[in-house]
Engineer: 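Below is a structure I'd like to ask you about.
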Protein chains: 2
Amino acid sequence: MTPQTRSPSGYSTWRLIAEELRSEIVDESLAPGTRLPTERELVERFGVHRHTVRQAVATLATEGLVARRQGSGTFVVERPRLVHRIGLRTRWSDSLGHRADASPGVLLEAGPDPCPPADVVMSLDLHERAALRTEMVRSVDGLALVRTTDWFVAAAVPDFARHYRDVGGSTTAALRAIGIDDYLRVSSTITARLATFAESTDMDLPGGAVVLVVRGLDALPDGTPLRYGISRFRADRVELNVDT
Amino acid sequence: MTPQTRSPSGYSTWRLIAEELRSEIVDESLAPGTRLPTERELVERFGVHRHTVRQAVATLATEGLVARRQGSGTFVVERPRLVHRIGLRTRWSDSLGHRADASPGVLLEAGPDPCPPADVVMSLDLHERAALRTEMVRSVDGLALVRTTDWFVAAAVPDFARHYRDVGGSTTAALRAIGIDDYLRVSSTITARLATFAESTDMDLPGGAVVLVVRGLDALPDGTPLRYGISRFRADRVELNVDT
DNA sequence: AGAAATTTGTGCGTATGTATG
DNA sequence: TCATACATACGCACAAATTTC
């Protein structure tokens with residue numbers, strides 16, 4: 001485990017240990033409220049110096065994942081986790097709209113996209129039609145939980161950005177103002193990866209954060225494609241749910 | 001980006017750059033078959049020494065994610081990606097069974113679990129009944145893609161391990177041999193995190209690999225809970241799909 | 001209440017790894 | 001290849017808070 005004996009992985013020992021412990025916490029193998037193994041036990045388990053274990057736990061403490069109490073131990077902090085349901089009607093308002101502490105979505109950008117990715121062109125049939133792209137961040141309790149990029153068929157959602165701001169940051173309400181009362185989720189594709197630098201900046205993520213990426217296609221009840229969206233969720237604070 | 005100006009993250013600079021590029025490849029921002037930016041461009045973009053970007057790209061090349069061609073450039077390698085469908089009937093046989101190169105599941109362990117996690121006890125109503133736990137790895141083309149842990153109500157699946165081996169590594173077939181012809185997915189919960197040391201060993205994952213974690217509850221058509229499963233997928237090779 | 005054991009917090013010194021130039 | 005600056009990991013010692021007996 002020492003840098004001398006390990007092959008160069010690009011990960012420091014304390015970071016590896018920190019991520020191992022984080023996995024167990026996110027997984028609830030270490031349940032909220034319970035005590036972490038003592039530093040002595042962690043030293044034993046990982047075969048490293050106490051300072052190394054301490055630096056690992058220190059980063060988790062800085063992130064607010066655990067709380068250390070001198071003489072007593074280190075404890076897993078209880079943290080609310082957002083459950084985002086994926087189904088026929090997938091709406092932010094259902095997942096975080098009812099929470100008193102949910103802020104409206106912040107529109108970072110909205111404008112024409114001259115050259116959307118190939119799968120977006122395909123899904124929305126944008127060969128002959130212009131695309132509108134929106135970039136948003138959504139937060140709960142001051143914590144950014146999701147970063148979204150959406151494409152619309154521009155002609156179908158006139159003045160989207162203005163309506164979005166007018167209704168106070170709700171996509172569903174903005175679409176209703178335009179005259180679109182209902183839309184359905186056709187399919188969702190879920191992947192996961194490490195956050196990019198840009199995402200870490202936009203969502204203020206800790207180092208090495210994992211994001212859940214959901215690509216979804218929404219259509220009008222008659223089947224006309226309406227929106228192609230890419231949502232990137234903080235994986236340590238959000239879980240996706242599919243009921244069948 | 002220099003070690004002097006960065007706050008200590010536990011990641012070496014080349015590792016950060018490697019993971020950034022990997023995210024773009026997994027995301028298909030850098031599509032299969034396309035050329036990576038030149039070393040010169042990467043040096044420019046990340047503001048680091050040429051040795052540093054070379055080490056980053058070298059790691060991706062070792063993993064087979066990119067191929068370097070002298071005088072030509074570095075290219076993103078095309079790699080098959082497994083799509084695992086989540087729906088009412090979620091079966092391995094549907095996702096990877098029809099592939100000629102799919103190996104049967106390898107049963108690592110099967111036996112009584114005296115003390116399953118709280119949510120498993122709850123979902124399967126194991127307060128008074130014994131639990132059977134199975135641990136498996138499933139591979140395609142010699143590449144381990146998923147590591148599963150399943151709990152059954154022991155009394156409902158007598159001799160499961162024997163049947164599983166007899167039918168050659170298929171859960172659905174083993175259950176049929178026991179007399180269970182059909183079962184349905186009740187709900188699925190999806191999270192993501194870095195792989196643990198144990199998972200990295202079992203699935204032979206590269207350092208810092210991300211896993212998609214799916215917790216699912218299966219029940220008999222009459223609603224009796226049958227199985228609670230935790231599946232951990234290699235996130236760089238598997239995507240989940242939900243059609244609604 | 002008090003002593004001992006346990007657990008986290010802190011300091012210094014040394015050797016090695018990392019990234020730049 | 002070498003020099004420089006910083007980060008990492010280890011070894012040892014002791015302090016402070018809490019729990020245990």
Side-chain angles (χ1 to χ4, degrees), chain A residues 1-22 24-25 29-78 194 197 200 205-209, chain B residues 1-22 36-63 68 74 194 197 200 206-208:
Chain A
M1 182 60 80
T2 69
Q4 293 77 5
T5 56
R6 279 194 298 122
S7 68
S9 68
Y11 302 96
S12 61
T13 307
W14 67 262
R15 173 58 73 179
L16 286 170
I17 293 169
E19 296 308 327
E20 183 79 7
L21 293 173
R22 190 207 304 280
E24 292 178 14
I25 293 169
S29 312
L30 290 170
T34 58
R35 213 192 64 177
L36 250 68
T38 64
E39 293 177 355
R40 186 185 167 77
E41 288 168 327
L42 292 173
V43 162
E44 183 83 7
R45 170 174 163 193
F46 294 110
V48 297
H49 197 267
R50 188 163 83 100
H51 274 139
T52 310
V53 165
R54 281 187 57 76
Q55 185 157 10
V57 176
T59 54
L60 299 179
T62 303
E63 291 173 23
L65 209 62
V66 300
R68 309 164 104 170
R69 288 202 277 275
Q70 193 174 129
S72 176
T74 304
F75 298 82
V76 180
V77 172
E78 316 247 3
L194 286 181
F197 292 158
S200 297
L205 300 174
Chain B
M1 181 59 75
T2 69
Q4 291 77 5
T5 56
R6 278 194 300 123
S7 68
S9 69
Y11 299 95
S12 59
T13 308
W14 65 263
R15 174 57 74 180
L16 284 170
I17 292 169
E19 295 307 327
E20 182 78 9
L21 293 174
R22 189 206 302 280
L36 248 67
T38 63
E39 287 181 3
R40 187 187 167 74
E41 288 167 328
L42 291 173
V43 164
E44 183 82 7
R45 169 174 162 195
F46 294 111
V48 296
H49 205 269
R50 182 159 168 270
H51 281 134
T52 311
V53 288
R54 280 189 60 78
Q55 186 159 12
V57 176
T59 311
L60 299 178
T62 303
E63 289 176 23
R68 302 165 115 164
T74 304
L194 287 180
F197 292 158
S200 297

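Reminder, nothing fancy here: chain letters follow the sequence lines and each chain counts from 1. These numbers were taken from a predicted model, which means no experiment stands behind them.
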Engineer: Taking CD from A:E39 and P from D:dA17, how many angstroms apart are they, rounded to a whole number?
Structural biologist: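 Distance check: A:E39 CD to D:dA17 P gives 16 Å.
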
Engineer: Please check the phosphate of C:dT18 (OP1 and OP2 only) for any side-chain N or O of B:T13 closer than 4.0 Å.
Structural biologist: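 Answer no for this pair, as no side-chain N or O of B:T13 is under 4.0 Å from OP1 or OP2.
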
Engineer: Give a yes or no answer on whether the side chain of A:E20 reaches the backbone of B:F197 with a donor-acceptor pair at less than 3.5 Å.
Structural biologist: yes

Engineer: Considering only C:dT8, D:dT18, C:dT18, which nucleotide approaches the side chain of A:Q70 most closely?
Structural biologist: C:dT8

Engineer: Can you find a donor-acceptor N/O pair under 3.5 angstrom joining the side chain of A:H51 to the base of C:dG11?
Structural biologist: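 Such a pair exists between side chain and base.
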
Engineer: What nucleotide, of D:dT19, C:dA19, C:dT10, holds the atom closest to the side chain of A:R54?
Structural biologist: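 Nearest to the side chain of A:R54 among the choices is C:dT10.
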
Engineer: When you measure from the side chain of A:V48, which nucleotide among D:dC10, C:dA19, C:dT8 comes out closest?
Structural biologist: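 Side chain of A:V48 sits closest to D:dC10.
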
Engineer: Applying the side chain to side chain contact (heavy atoms under 4.5 Å, CB included) test to A:I17, which of A:V48, A:T59, A:V57 qualifies?
Structural biologist: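 Filter result, single survivor: A:V48.
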
Engineer: Measure from CZ on A:R15 to C1' on C:dT18 and round the result to the nearest Å.
Structural biologist: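 Nearest whole value for this atom pair: 17 Å.
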
Engineer: If you assign each of A:R69 and A:Q55 to its closest nucleotide in DNA chain D, which residue comes earlier from the 5' end?
Structural biologist: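 The 5'-side residue here is A:Q55.
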
Engineer: Expressed as a whole number of angstroms, how long is the span from B:W14:CH2 to C:dG17:P?
Structural biologist: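 That distance rounds to 15 Å.
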
Engineer: Is A:R50 side chain donor-acceptor paired with the D:dG11 base, going by distance under 3.5 Å alone?
Structural biologist: no

Engineer: Hey, does the side chain of A:E63 reach the backbone of A:L60 with a donor-acceptor pair shorter than 3.5 angstrom?
Structural biologist: no

Engineer: Between A:S12 and D:dA7, is there a contact of a side-chain N or O with OP1 or OP2 at under 4.0 Å?
Structural biologist: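 The answer is no; no side-chain N or O of A:S12 sits under 4.0 Å from OP1 or OP2.
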
Engineer: Taking all non-hydrogen atoms of both residues, which atom of A:A61 and which atom of A:R68 are closest, and how far apart?
Structural biologist: CB-CD, 4.0 Å

Engineer: Could A:R15 and A:E19 be called an ion pair, given the rule that one side-chain N must be under 4.0 Å from one carboxylate O?
Structural biologist: yes

Engineer: Tell me the interatomic distance from A:F46, atom CZ, to D:dC10, atom P, rounded to whole angstroms.
Structural biologist: 13 Å

Engineer: Can you identify which nucleotide, out of C:dG21, C:dT8, D:dT18, has its nearest atom closest to the B:H49 side chain?
Structural biologist: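 Of the options given, the side chain of B:H49 lies nearest C:dG21.
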
Engineer: Which of the following nucleotides, D:dT18, C:dT7, D:dA9, is nearest to the side chain of A:T38?
Structural biologist: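 So the nucleotide nearest the side chain must be C:dT7.
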
Engineer: Among the nucleotides C:dT7, C:dT8, D:dA9, which one has an atom lying closest to any side-chain atom of A:R40?
Structural biologist: C:dT7

Engineer: Could you give the CD-to-P distance, from A:E41 to C:dT6, as a whole number of Å?
Structural biologist: 12 Å

